[in-house]
*Asks:* 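Have a look at this one before I ask anything.
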Amino acid sequence: MSTVTTSEPVLPMVLAEVEVVSAERISPSYVRLVLGGEALADVGVDGPLLDQRFKLVVPGPGGALTSVDGADQTWLATWSARPVEERGHMRTYTVRRLDRTPAGTRVVVDIVVHEHGEPGPGAAWAVAARPGARAVVVMPRRGHPFGGIEMDPPAGADLLLVGDETAVPAICSVLECLPDDARGAAYLEVPHALDVQDVRRPAGVEVTWLVRGDRPHGQAVHEAVRGHLAAVGPRVGDPAAAQRPGEPDAGDVDPDLWETPTWSSSGEPIDRTPQTGEHRLAGLYAWVAGESAMVTGLRRHLVRELGMDRRQVAFMGYWRRGVAMRS
Ligand SMILES: Cc1cc2nc3c(=O)[nH]c(=O)nc-3n(C[C@H](O)[C@H](O)[C@H](O)COP(=O)(O)OP(=O)(O)OC[C@H]3O[C@@H](n4cnc5c(N)ncnc54)[C@H](O)[C@@H]3O)c2cc1C
């Protein structure tokens, strides 16, 4: 006699309700949440996590959390069609760490407390979250393609990692995942001196924390990157290079800026033919993420002014001043 077992079809991602296990204000600009839940045991990727992103759905006005009961592949489409009071808000964050503990798998996420203005629903929820608070996550399931990792340097590349406070979790995770013989530099701009973290890194990757203080967002990191690249010989006297750091032209900011060696938000064709001739920045791989104006300014410097090959860079607008994330 044969036995037929039926089970729920497995979604290619982990879509599950999770609970805040601990919430800690680790510094003026960060709340660290540790999330737990049975379904997290299936979270994982084939390889290092690097800058792995995931979706967090927090309760909407009224405090109701969206339901994932009986969710199937159509969940996302039907979720977004629901009223906000029912569906809540979906935001993107980085897996700072994935810890397998005797009590279960824990996802660690560092959420920025907005420096100025009203916090959005994501930041507000994180600041108020206490153990027991619930949210929904969409995360990679082990053994299934998920995407969401952009850091993909060629072997032996000289690395340049640049970000503001929202990219600190990703850069710290990348630094911890890199092989021991990796080399390069990382520049991280944070609002306060107390936001500087101790992070494990390969000996060959120099890490510089830049405290913003009263300077405009992105200026410190922009100046630091210009200085760093000057050491490898930028074009001196380029009129475009005389533009003030961190200040892209008005109207020049691409709100959806997302350009990697394999994807362009602007629809710019990706040239896959190998570059001929020797460029002075050949061998450099840059990963830049943060507020869109900051990223746009650095993109202009690296690609337009210094002529870096688009296939050596990943530029990602993680948020845009004055604009809430779409959800
Ligand atoms: C791939 C990826 C990974 C990310 N990883 C992280 C992460 O690990 N940690 C993290 O904190 N963020 C991360 N972000 C950024 C985060 O998704 C945005 O900051 C998001 O807008 C926060 O949602 P919210 O509900 O708090 O604000 P929203 O509702 O989106 O925005 C409300 C208002 O707040 C402003 N705002 C948004 N973010 C900030 C900010 N950081 N500082 C000041 N003002 C802000 C907006 O301009 C808007 O005016 C990531 C983004 C991406 C795309």
Side-chain angles (χ1 to χ4, degrees), residues 23-35 45 49-61 84 87-98 107-129 135-140 146-152 161-177 188-192 195 197 199 212 216-218 221 253-260 263 265 287-296 314-327:
E24 188 190 353
R25 187 74 173 255
I26 55 168
S27 74
S29 305
Y30 292 98
V31 172
R32 172 163 293 174
L33 300 180
V34 177
L35 307 175
V45 292
L49 279 168
L50 295 164
D51 56 338
Q52 178 72 61
R53 60 180 177 263
F54 73 103
K55 299 289 182 192
L56 181 74
V57 187
V58 301
V84 68
R87 67 173 156 86
H89 302 272
M90 185 180 285
R91 294 293 182 262
T92 308
Y93 294 104
T94 305
V95 180
R96 176 62 186 87
R97 259 188 6 245
L98 195 60
V107 171
V108 180
V109 52
D110 288 350
I111 297 186
V112 173
V113 180
H114 297 186
E115 198 187 5
H116 303 291
E118 286 290 301
W125 179 82
V127 167
V136 163
V137 293
V138 185
M139 305 197 72
F146 182 80
I149 294 179
E150 304 297 351
M151 176 77 189
D152 187 19
L161 307 169
V162 184
D164 70 4
E165 58 268 42
T166 59
V168 162
I171 294 179
C172 289
S173 171
V174 165
L175 288 169
E176 290 173 359
C177 291
L188 303 99
E189 183 179 304
V190 287
H192 303 280
D195 293 324
Q197 302 178 24
V199 60
R212 179 175 312 131
H217 194 110
V221 92
V253 180
D254 178 351
D256 298 316
L257 178 58
W258 200 275
E259 283 190 7
T260 70
W263 167 259
S265 56
W287 181 106
V288 182
E291 203 280 326
S292 289
M294 179 203 106
V295 178
T296 305
F315 293 109
M316 291 144 298
Y318 270 18
W319 63 286
R320 179 159 188 213
R321 183 171 304 288
V323 180
M325 200 176 245
R326 275 191 294 266
S327 66

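Remember, predicted model here, so these are calculated numbers, not experimental data. In each ligand, atom 1 is the first atom listed, and ligand 1 is the first ligand listed.
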*Asks:* Between Lys55, Glu115, Arg91, flag the one that comes closest to atom 29 (O) of ligand 1 by a heavy atom.
*Replies:*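 When every heavy atom of Lys55, Glu115, Arg91 is considered, Arg91 comes closest to atom 29 (O) of ligand 1.
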*Asks:* When you measure from the side chain of Tyr30 to the backbone N and O of Glu165, does any donor-acceptor pair fall under 3.5 Å?
*Replies:*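 At least one qualifying donor-acceptor pair exists.
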*Asks:* Do side-chain atoms of Thr260 reach the backbone of Glu150 as a donor and acceptor pair under 3.5 angstrom?
*Replies:*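 Absent.
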*Asks:* Keeping the roles fixed (side chain from Glu189, backbone from Gly218), state whether a donor-acceptor pair exists under 3.5 Å.
*Replies:*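 The answer is yes, because a donor-acceptor pair under 3.5 Å joins these two groups.
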*Asks:* Test side-chain contact (heavy atoms from CB on, under 4.5 Å) on Phe54 and Val138; report intermediate values, then the result.
*Replies:* CA-CA 6 Å; Phe54 73 103; Val138 185; over 6 Å; no
*Asks:* I want to confirm something. Looking only at heavy atoms, which of Trp125, Trp319, Tyr93 is nearest to atom 22 (C) of ligand 1?
*Replies:*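 The option holding the nearest heavy atom is Tyr93.
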*Asks:* Below 4.0 Å, non-hydrogen atoms only: which portion of Val323 touches ligand 1? Side chain, backbone, both or neither.
*Replies:*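 The backbone, only.
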*Asks:* Heavy-atom pairs closer than 4.0 Å: do any link ligand 1 to the side chain of Pro121, the backbone, both, or neither?
*Replies:*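 Both backbone and side chain.
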*Asks:* Indicate, as side chain, backbone, both or neither, the part of Tyr318 found under 4.0 angstrom from ligand 1 when only non-hydrogen atoms are considered.
*Replies:*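 Both backbone and side chain of Tyr318 come within 4.0 Å of ligand 1.
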*Asks:* Tell me whether Pro169 has any N or O atom under 3.5 angstrom from an N or O of ligand 1.
*Replies:*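 Not met; the criterion fails.
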*Asks:* One residue to check: Arg321. Relative to ligand 1, which of side chain, backbone, both or neither has a non-hydrogen atom less than 4.0 Å away?
*Replies:*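 The answer is the backbone of Arg321.
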*Asks:* May I ask whether Pro119 places a heavy atom under 4.0 Å from ligand 1?
*Replies:*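 No; Pro119 lies far enough from ligand 1 that no heavy-atom distance drops under 4.0 Å.
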*Asks:* Taking heavy atoms and a distance under 4.0 Å, where does Asp110 meet ligand 1: side chain, backbone, both or neither?
*Replies:*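 The answer is the backbone of Asp110.
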*Asks:* Measuring only between side-chain heavy atoms, which start at C-beta, is Val107 closer than 4.5 Å to Leu98?
*Replies:*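 SC-SC contact between Val107 and Leu98 confirmed.
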*Asks:* At a non-hydrogen distance cut-off of under 4.0 Å, which region of Trp258 contacts ligand 1 (side chain, backbone, both, or neither)?
*Replies:*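 The answer is the side chain of Trp258.
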*Asks:* Please report whether ligand 1 has a polar contact with Arg320, defined as an N or O pair separated by less than 3.5 Å (distance criterion only).
*Replies:*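 Among all N and O atoms of Arg320, at least one is under 3.5 Å from an N or O of ligand 1.
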*Asks:* Pairing donors with acceptors under 3.5 angstrom, does anything connect the side chains of Asp164 and Trp319?
*Replies:*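 Short answer, yes.
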*Asks:* Could you walk me through whether Glu176 and Arg96 pass the salt bridge (charged side-chain N to carboxylate O under 4.0 Å, His left out) test, one step at a time?
*Replies:* CA-CA 10 Å; Glu176 290 173 359; Arg96 176 62 186 87; 3.0 Å; yes
*Asks:* Mind checking whether Val112 has an N or O less than 3.5 Å away from an N or O of ligand 1?
*Replies:*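 Such a contact does occur with ligand 1.
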*Asks:* Nearest non-hydrogen atom to atom 20 (C) of ligand 1 belongs to which of Met325, Met90, Glu118?
*Replies:*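 Looking at heavy atoms only, Met325 sits closest to atom 20 (C) of ligand 1.
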*Asks:* Measure Glu165 to ligand 1 on non-hydrogen atoms and call it side chain, backbone, both or neither using the 4.0 Å cut-off.
*Replies:*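 Neither part.
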*Asks:* Quick check for you: to the nearest 0.5 Å, what is the distance between Phe146 atom CZ and Met139 atom CE?
*Replies:*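 If I round to the nearest 0.5 Å, the distance is 7.5 Å.
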